[in-house]
Amino acid sequence: MRILFMGTPEFSVPVLEALVAAGHEVLAVYCQPPRRAGRGKKPRLSPVQKRAEELGLDVRHPLNFKADADVAAFEALKADVAVVVAYGLLLPQAILDAPIFGCINIHASLLPRWRGAAPIHRAIMAGDKCTGICLMQMEAGLDTGPVLISRETEIKDDDTTGTLHDRLSLIGAELITDLLPRLPLPAHPQDKKGVTYARKINKAEAQIDWAQPAETVDAQIRGLSPSPGAWTEIGGERVKVLNCKLAEGSGRPGQVLSDLTIACGSGAVSLVKLQRAGKAPMRTDDFLRGFTVSADTILPSTE
């Protein structure tokens, strides 16, 4: 098929690679413009743009589709379908209508649960037991379009947003390559019940509140890992907690019981992977070699 691909972050890359490997003609790749980053503030290509250039594909990154010239250039490609995955822009109706089979979005939740920007983070933080991928026929509303096909996956007790992100990305790649040869397919409207919104992660949510139950703290830590990373203060220093596990024990909220097992409002969690500012992530044993944390220390909670 003649495809337009629209995506930006690492999550989108396996989908692009799968489309190319399946023999589809990728007419152009649309992604967000390079962002200035690092000490030198040099433009940094998005993961999709970097991979698309390696594959020899035409890359385009309009700031938006408000300019008539950008819409005309999109329409002139006469695509069969546009595949959209974490692109980062709301698409106007003219773009949604341009391809023969419209625009198909690969969304990382079981719609209508977790419409919006951060479905993987929110599913873990909410304690969901399963999630999945939906291929949705896009319409003007935010993730409101009818669903073509979907696939569930279990959220494991040790899943982080990082591990679930990678698994869902591969599922999305498999589903879209299965779907395209079968177009057109009927799409099913989303259930009007059970709608939830996965609002963008706010860094203010990242401080750990040890007064919460251990299950809530565990879900927060795993849901915010690897980015932006839940954090707490240890010895007056802000430390990211990138992984943990539920543990036995009780005490005052924030109390260090032993070897960075921390008491919560009920129950406890054992910190497994941590990261000091400017340092690489490390296991608890390595962290404690350079950082003394006395038993019965009370780690501060959110105010």
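No experiment lies behind these values; they were computed from the predicted model shown.
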Which is it for Val83 and Leu19 under the side chain to side chain contact (heavy atoms under 4.5 Å, CB included) test, yes or no, and what are the steps along the way? CA-CA 9 Å; Val83 174; Leu19 294 172; 4.2 Å; yes
Do other residues, nucleotides or ligands put more than 12 heavy atoms under 6.0 Å from the CG atom of Asp259? no
Is the distance between the ring centroids of Tyr30 and Phe65 under 6.0 Å? yes
So, [X] side chain and [Y] main chain: donor-acceptor pair closer than 3.5 Å or not?
X: His107; Y: Trp114; result: yes
X: Thr8; Y: Gly88; result: no
X: Gln275; Y: Lys279; result: yes
X: Thr297; Y: Val256; result: no
X: His121; Y: Ser227; result: yes
X: Ser109; Y: Pro119; result: no
X: Ser12; Y: Val85; result: yes

Cation-pi check, Arg238 to Trp231: give yes when NZ or CZ is under 6.0 Å from the six-membered ring centre and within 45° of the ring axis, no otherwise. yes
Stepwise, does the salt bridge (charged side-chain N to carboxylate O under 4.0 Å, His left out) test hold for Lys200 with Glu205? CA-CA 11 Å; Lys200 186 177 180 180; Glu205 302 177 70; over 6 Å; no
Is [Y] paired with [X] through a side-chain N to carboxylate O contact shorter than 4.0 Å?
X: Arg113; Y: Asp128; result: yes
X: Glu17; Y: Arg51; result: yes
X: Lys240; Y: Glu233; result: no

Closest non-hydrogen atom pair, Asp159 against Leu164: OD1-N, 4.1 Å
Nearest 0.5 Å, what's the [atom1]-[atom2] distance between [X] and [Y]?
X: Ile100; Y: Asp80; atom1: CD1; atom2: CG; result: 4.5 Å
X: Leu110; Y: Arg151; atom1: CG; atom2: CZ; result: 12.0 Å
X: Leu27; Y: Arg2; atom1: CG; atom2: CZ; result: 4.5 Å
X: Glu152; Y: Ile171; atom1: CD; atom2: CD1; result: 10.0 Å

Considering only heavy atoms from C-beta outward, does the side chain of [X] approach that of [Y] to under 4.5 Å?
X: Lys273; Y: Arg283; value: yes
X: Met125; Y: Thr161; value: no
X: Gln137; Y: Phe101; value: no

Walk me through it: do Arg289 and Asp285 pass the test salt bridge (charged side-chain N to carboxylate O under 4.0 Å, His left out)? CA-CA 6 Å; Arg289 288 191 184 99; Asp285 290 348; 5.4 Å; no
Is there a path of hydrophobic side-chain contacts, each under 4.5 Å between heavy atoms of I, L, V, M, F, W or Y residues, that connects Leu224 with Val217? no
Can you hop from Leu111 to Phe11 via hydrophobic side chains spaced under 4.5 Å? no
